[in-house]
Amino acid sequence: MKKYVLHETFPSKETHIDFRSHLNDQQYEVVTKAEGPCLVLAGAGSGKTRTLIYRLAYLLERGVPPRNILLMTFTNKAAHEMRDRTEMLLKYKPKGLWSGTFHHVGNKSLRMYAEAVGYKKDFTILDEHDSQDLIKACMKGIEKVKGERFPKPSVVRSIISLSVNTKKSIQDILDEKYPYFWQFSDEIEKIKDIYQKKKKTSNSMDYDDLLSKWKELLETIPQARKRFTEQFKYILVDEYQDTNFLQADIIDILAEHHKNVLVVGDDAQAIYSFRGARVDNILKIPDRFRDVKIFKLETNYRSTPEVLDLANDSLKNNEKQFHKELKAVNDYLEKPALVEVKDLYSQASFVAQRVLEMREEGLELKDIAVLFRAHYQAAELEMELVKRGIPYIVRGGIRFFEQAHIKDVLSFLRIIVNPTDEISWMRALTLCPGIGPGYASRIYESFRKGGSNLKAFLTKDTPEGVPPKARSGYSRFYKIMKRLVGEAASGSPGDIINLIMEEGYHTHLLANYENAKDRVDDIRELVNFSHDYKAVQDFLNDVTLRENFRGETVLGANEDDEQLVLSTIHQAKGLEWDAVIIIGLCEGQFPHPKAMKEESEIEEERRLFYVASTRAKKYLYLMHPATRYDYQMGLVVARRSRFLEELNSNLYEVWAVEGESSFSEDEDSAEEIISLE
DNA sequence: TTCCAGACGTTTTTT
DNA sequence: ACGTCTGGAA
């Protein structure tokens, strides 16, 4: 028989995209001349994404095979957007491109060489909650944990994580960020040790491992290093200012052979130091790569001059900052509004009403965003929006895949894929009536003693460790697993989930939850989502690594519906809207009280304010509620955020809002009064 | 050991 | 308002 191989569509030699006409001079320079190590310092709204997309298209047009290009972005959304827009530009699908978040690419690389770092390739990825559970288990035997305020599992987790991401010792992390726990460094060190071992025996990696083991792989396995460094002829990295030590090291290694690394970033938008990101990475690029070419994109195409002036004025208060003035090219329109409201409720009413008005004026809901420092700030607003029937989506709410019922269902799948996944065993077993943590761990122990062989284990319908009163509960688990093992080879993830539902989980939901119907619907959504996957393994990876949120589009049928966007500022990075409303701009909320110990933290909060304001294309509303709710003291007076106070007052217009129950006396003020009906 | 109820202390930001 | 911890009953 003759083998016939279809080739990937390679572009013709001649350039059919007119790059020149789509880009300005600075962008064009980057797109066509970025060979060797390059740094692009790109201000907010300067067409950074656009430049990267065109660079990618340019490379592909020049005949660089997609598999030789590595594109690392900060979010999956960004990666998708870049791929989509590049495809539109090229009019074909580049196959085999490596693109995604650092964690994604790390995962992909590690699956190829798992054995080399002591893992099996079916390893499970632990999300933050799983990792916390495992740490909790590791803390069981440690003395002092019971004693006077030992940090909780979640805190221990973040201490360990920070130490991994910053390459610092536990002691250093404690000294810097948790001085009140200094006496526990030995214990935490010990927990970290046990945790690492437990992860290995259960064949699972947490988010940090996807970076640190990836780096370890590149450092210790020469053939892996050779393969990847030779493969990636071009490396493009977005949002470089938010990379941490590990990530920067990984890029250094990957780029060592071809040295074609293009990193893009803006030091003024560095907002992730809390998880170990170092602005220094971008500032010290010249030390990392000799002969690095530096490009600057300093024209802002997004915002009006008024919006940009305000943002720039705020940034002036930061000491540690490269000085850079962004120039706006858009026409003057109107000053940002500083809106004074008396409390959270009038803030919510104002936002809702103003949103409707803007809609009347011709904006669509999806062109408007409400931004906040922390998600709890959106609670009152959400209620108001529901009341008025304004459709919205929340980005940054509870993660869809982290909800209990979703994780319950997934735990069965995870056991099938990786039978040593202790966390999932515990989860699945404790779902059964009569089985709690005690019996569950005994059952798991007996499974391990039997050689961790799933098929063998399921030949007995009552293994050791199952007392009579847990029998009927266990039979439920047994029945499901028995069927899954038979089905797993042939069944799609969706079929398996349906099977779990049939075998009792549906009943379990009905029996245990008030809102069982919503939860059942969620599972249906999960099944829908899973249709894109043939392999259970791939499905699970994406579920854990993908950032999907409650109400977000993958899960909602109403993708094209018009909806208002509610988002944390962190989640809003890289996005833009015609109108942006920033709520909760008062002391005690923004800057966040927990981020005010050091000047550098305040500066990061200020950059956060900068990021928020520069999301606006045309209209910017800064909301100041005069009172806020403190969980200890109740209702307290809230002064304007320092980020407002320090602004030149010519740069905004003050709006005083009068609510229905307002007793405002100063009617004589010259300020505009907007009444809420 | 499990399970339920009531108390408590707690709230940043994310892969 | 939400998960986590505690105590007592089954």
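A note on names: the letters A, B, ... follow the listed sequences, proteins ahead of strands, and every chain is numbered from 1.
- At B:dT12, none of the side-chain N or O atoms of A:Arg275 fall inside 4.0 Å of OP1 or OP2 (strictly under the cut-off).
- In this structure, A:Leu210 places its CG atom 9 Å from C1' of B:dT15, rounding to the nearest Å.
- The CZ atom of A:Phe150 sits 20 Å away from the P atom of B:dG9 (whole-angstrom rounding).
- Within 4.0 Å (heavy atoms only), A:Arg442 reaches sugar-phosphate atoms of the nucleic acid but no base atom.
- The side chain of A:Arg373 has B:dT13 as its nearest neighbour among C:dC5, B:dT13, B:dT15.
- Both tests hold for A:Arg111 against A:Phe123: distance to the six-membered ring centre under 6.0 Å, angle to the ring axis within 45°.
- The distance from atom NE2 of A:His80 to atom P of B:dT15 is 14 Å, rounded to the nearest whole Å.
- For the pair A:Asp280 (side chain) and A:Leu283 (backbone), a donor-acceptor distance under 3.5 Å is absent.
- Residue A:Leu110 holds its CG atom at 4.5 Å from CE of A:Met205, rounded to the nearest 0.5 Å.
- One interatomic measurement links the two molecules: NZ of A:Lys594 to P of B:dT14, which rounds to 16 Å at whole-angstrom precision.
- Comparing A:Lys469 and A:Lys152, the nucleotide of DNA chain C nearest to each residue sits closer to the 5' end for A:Lys152.
- Within the structure, every side-chain polar atom (N or O) of A:Thr568 is placed at least 4.0 Å from both OP1 and OP2 of B:dT12.
- Panel note: side chain A:Glu601, backbone A:Glu598; a donor-acceptor pair is recorded below 3.5 Å.
- Regarding contacts with the backbone of B:dT14, a side-chain N or O of A:Gln571 is found under 4.0 angstrom from either OP1 or OP2.
- Dashed line: the shortest gap from a side-chain N or O of A:His375 to OP1 or OP2 of B:dT13 is under 4.0 Å.
- The A:His129 side chain lies nearest to C:dT4 when the options are C:dT4, B:dT15, B:dT1.
- For the salt bridge (Lys or Arg N to Asp or Glu O under 4.0 Å) test with A:Lys215, the passing option among A:Asp208, A:Asp249, A:Asp209 is A:Asp249; the others fail.
- Pairs of Watson-Crick or G-U wobble type, with distances under 3.5 Å, assemble into runs of 3 or more in DNA chain C at these ranges: B:1-9 with C:2-10.
- Nucleic acid contact class of A:Tyr439 (heavy atoms, under 4.0 Å, all strands): sugar-phosphate only.
- Using a 4.0 Å heavy-atom cutoff across all strands shown, A:Pro593 reaches no nucleic acid atom at all.
- Put simply, the residue from A:Lys192, A:Lys200, A:Lys199 that forms a side chain to side chain donor-acceptor pair (under 3.5 Å) with A:Gln196 is A:Lys199.
- Within 4.0 Å (heavy atoms only), A:Pro433 reaches sugar-phosphate atoms of the nucleic acid but no base atom.
- Evaluation of A:Phe274 against the base of B:dT12 yields no stacking contact (centre distance < 5.5 Å, interplanar angle < 30° required).
- Between A:Cys432 and A:His592, the residue whose closest nucleotide on DNA chain B is further toward the 5' end is A:Cys432.
- Within the 4.0 angstrom heavy-atom criterion, no nucleotide atom of any strand lies near A:Tyr376.
- The shortest distance between side-chain heavy atoms of A:Ile251 and A:Tyr240 falls below 4.5 Å.
- Taking OH from A:Tyr272 and NZ from A:Lys573, the interatomic distance works out to 6.0 Å, rounded to the nearest 0.5 Å.
- Using a 4.5 Å heavy-atom threshold, the side chains of A:Ser441 and A:Met426 count as touching.
- Atom-to-atom, OH of A:Tyr629 to P of B:dT10 comes out at 17 Å; the value is rounded to the nearest Å.
- Across the protein-nucleic acid pair, A:Lys177 atom NZ and B:dT13 atom P stand 13 Å apart, rounded to whole Å.
- In terms of position on DNA chain B, the residue among A:Gly436 and A:Glu604 whose nearest nucleotide sits closer to the 5' end is A:Gly436.
- In this entry the distance linking CG of A:Asp130 with P of B:dT14 reads 18 Å, nearest Å.
- Taking atom CZ of A:Phe372 as the reference point, atom P of B:dT13 lies 9 Å away to the nearest angstrom.
- Checking C:dT4, B:dT2, B:dT13 against every side-chain atom of A:His570, the shortest atom distance belongs to B:dT13.
- Looking at the side chain of A:Pro437, the nearest of the listed nucleotides B:dT2, C:dT4, B:dT14 is B:dT2.
- At a cut-off of 3.5 angstrom, counting only N and O atoms as typed in the model, there is a donor on one side and an acceptor on the other between the side-chain of A:His103 and the base of B:dT15.
- Relative to the side chain of A:Ala374, the nucleotides B:dT15, B:dT13, C:dT4 differ in distance, and B:dT13 lies closest.
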